[in-house]
Student: 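Sharing a structure here in structure tokens format.
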Amino acid sequence: MSGARWGAGLSAAMRFVAEIEAAAAGNGALKPGYVLAGDELFLLDRCRAAILKAFVPVELRDFCLSDLDLADASIYEVLDRAQTPSLMAPFQVIFVRNVRQMYTRGAKKDEFAALERYFRSPNPQALLIFVADFLRIPSDSRRMEMDDKNRFERITETLGEHCGVVELARVNEDDAMRWATATAQEGGARLDPDAARELVDALGADMMLVASELEKLLLYTLGRTGMPADGSSLVGSGGRITLGDVETMVLAAKQRSLYELTDAISARDRVRALALLHGLLNSSDAGEDAAIGHLYMLARTFRQMLVILEKNVRDSRAIWQALWQGFRMPPFAADDLIRQARRYKNRRELARAIRLVARADRELRSSPPDKRLVLERLVYELASEPKAVSPLFGSAQLSFEG
């Protein structure tokens with residue numbers, strides 16, 4: 001696969017892997033250090049795997065591999081480790097995490113001076129890998145937030161003077177589809193175009209999820225088709241992943257994340273609820289642009305819980321009678337949703353939640369300056385105990401306010 005056809009993130013990772021493999025085979029030069037910049041875990045994992053395969057034999061891993069965190073170790077300890085030859089291994093690989101610590105407030109001149117001295121005469125038997133996963137680099141670099149842009153520029157001006165900088169941008173949807181199609185073919189199956197689109201869309205182009213679910217689909221296809229007797233490829237002999245396969249096996253993964261969010265909300269766990277919301281928003285470059293879709297699913301789920309509470313549903317067998325066709329949840333979510341619904345004291349609390357979602361929907365459709373803030377406020381309010389306010393004129397009835 002030529003790197004030229006891929007977007008920035010995949011292309012950069014492929015070039016890095018190729019450089020590592022060439023150096024390990026003696027066909028290319030290896031830089032004394034690299035910066036893996038970006039929070040795309042899928043690409044970070046593949047870069048790390050390539051390094052381990054090339055330079056860290058399994059039997060010597062305890063002697064030649066180090067994972068140091070700058071929250072616990074100083075840059076001087078890192079450089080001392082790099083300068084000290086290992087008695088048990090011919091080559092050392094040192095991963096340096098929490099690189100953010102090098103760019104916090106305060107003078108860091110001494111630390112950067114020590115780095116410069118080391119890289120003037122680096123140990124040729126050591127490789128430093130700085131993991132800058134505190135940066136979020138979107139597939140379109142023009143959309144990078146100003147804070148991340150400033151941090152990235154600072155890294156290139158400092159570590160970039162001595163190290164190769166690998167820009168691990170988020171994988172866009174088109175690249176994710178091409179990767180899934182190519183990977184399926186390498187695995188011996190043909191991934192239909194509409195199935196590739198649904199796979200990526202359903203998982204928000206989250207490449208870790210896409211890779212995981214594609215592996216399951218390949219195993220499913222292999223089990224359904226059977227390996228040819230001569231061991232040849234399945235392609236052309238029935239090894240095909242269809243849209244129906246994706247709908248059957250994958251769509252539940254996206255819905256599970258939503259039910260985890262409503263679980264945290266119903267448990268009044270604001271910290272976990274906000275963390276899950278951020279996970280949903282950060283799962284792809286669509287980010288906050290997918291806000292309307294998230295609200296639709298939240299509103300639907302709260303309406304389902306309202307019916308469950310009103311009809312006093314207590315087990316999953318009764319839920320299919322209470323909820324009509326087209327308004328049911330996936331089977332895996334039935335017990336969870338019953339449990340979540342029963343956390344609400346009465347119909348009024350769920351009606352309040354539906355009103356809050358409707359209010360947020362109106363705000364989003366009026367083009368607010370910050371969609372993420374609208375969603376964060378919504379989730380915070382949903383996960384908070386409703387305030388009991390005594391109405392005017394001394395009425396004994398309580399009203400719940402968002």
Side-chain angles (χ1 to χ4, degrees), residues 3 8-41 43-56 64-86 91-104 108-137 141 144 148-169:
L10 272 169
S11 183
M14 288 177 179
R15 288 195 301 269
F16 174 73
V17 170
E19 185 172 331
I20 291 295
E21 291 175 345
N27 298 323
L30 185 70
K31 295 180 177 63
Y34 293 87
V35 180
L36 303 181
D39 65 348
E40 179 57 85
L41 292 178
L43 299 180
L44 283 167
D45 280 359
R46 272 143 185 78
C47 290
R48 180 182 173 93
I51 295 167
L52 297 183
K53 181 179 179 181
F55 298 113
V56 183
C64 65
L65 176 63
S66 300
D67 279 284
L68 301 179
D69 191 321
L70 290 181
D72 305 315
S74 69
I75 196 65
Y76 305 109
E77 293 175 70
V78 172
L79 297 178
D80 183 64
R81 181 75 61 92
Q83 290 168 327
T84 305
S86 172
F91 195 85
Q92 291 189 84
V93 173
I94 303 169
F95 284 90
V96 184
R97 300 190 175 277
N98 218 341
V99 174
R100 181 198 294 266
Q101 295 291 327
M102 297 174 61
Y103 299 94
T104 54
K108 304 287 183 179
K109 293 182 180 179
D110 292 343
E111 286 89 339
F112 286 115
L115 280 165
E116 187 173 352
R117 287 194 299 272
Y118 171 80
F119 283 115
R120 282 200 209 110
S121 181
N123 179 4
Q125 302 304 317
L127 175 63
L128 285 170
I129 304 292
F130 296 90
V131 182
D133 55 0
F134 62 96
L135 297 173
R136 184 181 188 277
I137 306 177
S141 60
M144 189 186 301
D148 284 328
K149 185 177 294 185
N150 291 336
R151 292 168 184 148
F152 184 71
E153 290 176 355
R154 180 71 172 132
I155 286 174
T156 57
E157 291 168 357
T158 51
L159 289 173
E161 288 291 312
H162 316 288
C163 303
V165 179
V166 187
E167 190 174 338
L168 301 179

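Just so we're clear, the structure is a prediction, and the values are computed from it rather than from any experiment. Residues: numbered from 1 along the sequence shown.
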Student: Within this structure, what is the CG-CG distance for the pair Leu168 and Leu41, rounded to the nearest 0.5 Å?
Tutor: 10.5 Å
Student: Show the nearest heavy-atom pair for residues Ile137 and Ala37, with the distance to one decimal.
Tutor: CD1-O, 3.5 Å
Student: Any side-chain heavy-atom pair from Leu30 and Ile20 closer than 4.5 angstrom?
Tutor: yes
Student: Provide the closest heavy-atom pair for Ile155 versus Ala132 in the form atom of the first, atom of the second, distance.
Tutor: CD1-CB, 3.9 Å
Student: Can you tell if the side chain of Ile51 reaches within under 4.5 Å of the side chain of Phe95, non-hydrogen atoms only?
Tutor: yes
Student: Please check if the side chain of Tyr118 supplies one atom and the backbone of Asn123 the other of a donor-acceptor pair under 3.5 Å.
Tutor: yes
Student: Between Leu36 and Cys47, what is the shortest heavy-atom contact and its length?
Tutor: CD1-CB, 4.0 Å
Student: Indicate yes or no: at least one non-hydrogen side-chain atom of Glu19 is less than 4.5 angstrom from one of Lys31.
Tutor: yes
Student: Can you name the closest pair of heavy atoms from Ala82 and Ala126 and give their distance?
Tutor: O-CB, 3.6 Å
Student: Check Cys163 against Val35 and note the closest heavy-atom contact, atom names and distance.
Tutor: CB-CG2, 4.1 Å
Student: Roughly how far, to the nearest 0.5 Å, is the CZ atom of Phe55 from the CD atom of Gln92?
Tutor: 13.5 Å
Student: Tell me whether Glu77 contacts the main-chain N or O of Ser74 through its side chain, where contact means a donor paired with an acceptor under 3.5 Å.
Tutor: yes
Student: Using a 6.0 Å distance limit plus a 45 degree cone around the ring axis, check whether Arg151 lies over the aromatic ring of Phe134.
Tutor: no
Student: ring-ring contact (aromatic ring centres under 6.0 Å, His included) for Phe152 and Tyr103? Distances and angles first, verdict last.
Tutor: CA-CA 10 Å; Phe152 184 71; Tyr103 299 94; over 10 Å; no
Student: Rounded at 0.5 Å granularity, tell me how far CE in Met144 sits from CZ in Arg136.
Tutor: 10.0 Å
Student: Is a donor from one side chain sitting under 3.5 angstrom from an acceptor on the other, for Ser11 and Arg15?
Tutor: yes
Student: If you take all heavy atoms of Leu159 and Met102, which pair is closest and at what distance?
Tutor: CD2-CE, 4.2 Å
Student: With sequence neighbours left out, what residues match Asp133 under salt bridge (Lys or Arg N to Asp or Glu O under 4.0 Å)?
Tutor: none
Student: How long is the span from the NZ atom in Lys149 to the CG atom in Leu135, to the nearest 0.5 Å?
Tutor: 13.0 Å
Student: Distance from Ile75 atom CD1 to Phe112 atom CZ, nearest 0.5 Å?
Tutor: 8.5 Å
Student: Give a yes or no answer on whether the side chain of Thr84 reaches the backbone of Arg81 with a donor-acceptor pair at less than 3.5 Å.
Tutor: no
Student: Are any side-chain N or O atoms of Lys108 and backbone N or O atoms of Gln101, one a donor and one an acceptor, separated by less than 3.5 Å?
Tutor: yes
Student: Nearest 0.5 Å, please: how far is CD1 in Ile94 from CG in Asp67?
Tutor: 10.0 Å
Student: For Phe130 and Phe119, take the angle between the two ring planes, folded into 0 to 90°, and tell me which bin it lands in: parallel under 30, tilted 30 to 60, perpendicular over 60.
Tutor: tilted
